[in-house]
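In what follows, a structure is listed as structure tokens, so that the remarks can point back to it.
Since the structure is predicted, the reported quantities are computational estimates derived from the model, not experimental observations. So you know, we letter chains A, B, ... as the sequences are listed, proteins then strands, and number each from 1.
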Amino acid sequence: GENVEQHPSTLSVQEGDSAVIKCTYSDSASNYFPWYKQELGKGPQLIIDIRSNVGEKKDQRIAVTLNKTAKHFSLHITETQPEDSAVYFCAASSPSGGSYIPTFGRGTSLIVHP
Amino acid sequence: KAGVTQTPRYLIKTRGQQVTLSCSPISGHRSVSWYQQTPGQGLQFLFEYFSETQRNKGNFPGRFSGRQFSNSRSEMNVSTLELGDSALYLCASSPDMSGANVLTFGAGSRLTVL
């Protein structure tokens, strides 16, 4: 089955700095890579996603890059703000039984210091 | 547009009891999936339902079961509870169009087993 590794597990930055979270996956059949943000007491919320036919996608301060050959994908947050503090999860979705099932990374706790 | 609603939000059970959790998906979403989130194992896929049929199942014992009703609402049941079943149980719905779908998560049901 799919295996997703996510690093780092904790990331501490100063407000205004950039933050980068990296993930690797193992199943070459995976073709959808979402990123979720989870705040305390809430469920994960999709913040950006990328499909395998695209190498990069940007949405304001957030960008995701995908290298299918190396099976790497990364989340980049620029100009971090205290409200970006949360746990971030990457996932790789592979086809199964007529659907796509995500395998999640273990999460990165991002702390943005004012 | 209402989000994914999970009930109850918090519950406490003792070992050996059973529990039923409920999930109401976003209107029009036909696929409902369930996940277990724990500090030790992270986010793990339990099962996915579509049109009242289980379409995919994760690697969990038979004590974990679920069902989906004709209005797409779903329930999951855990029988003979063990201490290790203490977790946040998350439900997610998706529209199930072709290709990998965007998941929208609920806030979760936090189960504590004593």
Item checked: Among A:Gly98, A:Gly97, A:Pro44, residue most engaged with chain B (heavy-atom pairs, under 4.5 Å) -> A:Pro44
Next item on the list: Please check if the side chain of B:Asn56 supplies one atom and the backbone of A:Ser96 the other of a donor-acceptor pair under 3.5 Å.
Entry: yes
Item checked: Within 6.0 Å of NZ in A:Lys22, more than 12 heavy atoms from elsewhere -> no
Check: Shared ILVMFWY cluster between B:Val32 and B:Tyr35, side chains joined below 4.5 angstrom?
Finding: no
Notebook entry, point to check: With no hydrogens and no angle check, is any side-chain donor or acceptor of A:Arg106 less than 3.5 Å from a backbone partner on B:Gly40?
Noted result: yes
Check: Taking atom CD of B:Glu52 as the centre, does the number of heavy atoms from other residues, nucleotides or ligands within less than 6.0 Å exceed 12?
Finding: yes
Next item on the list: Nearest 0.5 Å please: distance from the CD1 atom of A:Ile101 over to the CZ atom of B:Phe47.
Entry: 12.0 Å
Checklist line | Validation row, ring centre B:Phe45 to ring centre A:Phe104 under 6.0 Å | finding: no
Notebook entry, point to check: What part of A:Gln38 is in contact with chain B, defined as an atom under 4.5 angstrom from a non-hydrogen atom: side chain, backbone, both or neither?
Noted result: side chain
Checklist line | Contact winner vs chain B - A:Pro34, A:Gly107, A:Pro102, heavy-atom pairs under 4.5 Å | finding: A:Pro102
Next item on the list: Taking atom CG of A:Leu40 as the centre, report whether more than 12 heavy atoms of other residues, nucleotides or ligands fall under 6.0 Å from it.
Entry: no
Checklist line | Residue part contacting chain A, namely of B:Phe50, when any heavy atom lies under 4.5 Å | finding: neither
Note to self: Report which part of B:Arg9 has an atom under 4.5 Å of a heavy atom belonging to chain A: side chain, backbone, both, or neither.
What the structure shows: side chain
Next item on the list: Can you establish whether the number of heavy atoms outside A:Glu83 located under 6.0 Å from its atom CD is more than 12?
Entry: yes
Note to self: Taking CZ in B:Arg110 as the centre, count heavy atoms belonging to other residues, nucleotides or ligands within less than 6.0 Å. Is the count above 12?
What the structure shows: no
Note to self: Given heavy-atom pairs under 4.5 angstrom as the criterion, report whether the side chain, backbone, both or neither of B:Gln41 touches chain A.
What the structure shows: backbone
Checklist line | Cluster link A:Trp35 to A:Val13, ILVMFWY, side chain under 4.5 Å | finding: yes
Check: Hey, is CZ on B:Arg15 packed in by over 12 heavy atoms from elsewhere, all under 6.0 Å?
Finding: no
Note to self: Apply side chain to side chain contact (heavy atoms under 4.5 Å, CB included) to residues A:Phe89 and B:Gln37 and explain how you reach the verdict.
What the structure shows: CA-CA 12 Å; A:Phe89 293 94; B:Gln37 186 175 29; 3.3 Å; yes
Check: Does any heavy atom of chain A fall under 4.5 Å from the side chain of B:Leu88, the backbone, both, or neither of them?
Finding: side chain
Item checked: A:Tyr32/B:Val102 under side chain to side chain contact (heavy atoms under 4.5 Å, CB included): CA gap, chis, key distance, verdict -> CA-CA 9 Å; A:Tyr32 175 62; B:Val102 174; 3.4 Å; yes
Margin query: Return the CG to CG distance between A:Leu46 and B:Leu103, rounded to the nearest 0.5 Å.
Written below: 8.5 Å
Check: Does any heavy atom of chain A fall under 4.5 Å from the side chain of B:Leu90, the backbone, both, or neither of them?
Finding: side chain
Check: NZ/A:Lys42 to CZ/B:Phe105 distance, rounded to the nearest 0.5 angstrom?
Finding: 15.5 Å
Notebook entry, point to check: More than 12 heavy atoms of other residues, nucleotides or ligands under 6.0 Å from CD of A:Glu79: is that the case?
Noted result: no
Note to self: Could you see if A:Tyr88 belongs to whatever hydrophobic cluster contains A:Val20? Use Ile, Leu, Val, Met, Phe, Trp, Tyr and a side-chain cutoff under 4.5 Å.
What the structure shows: no
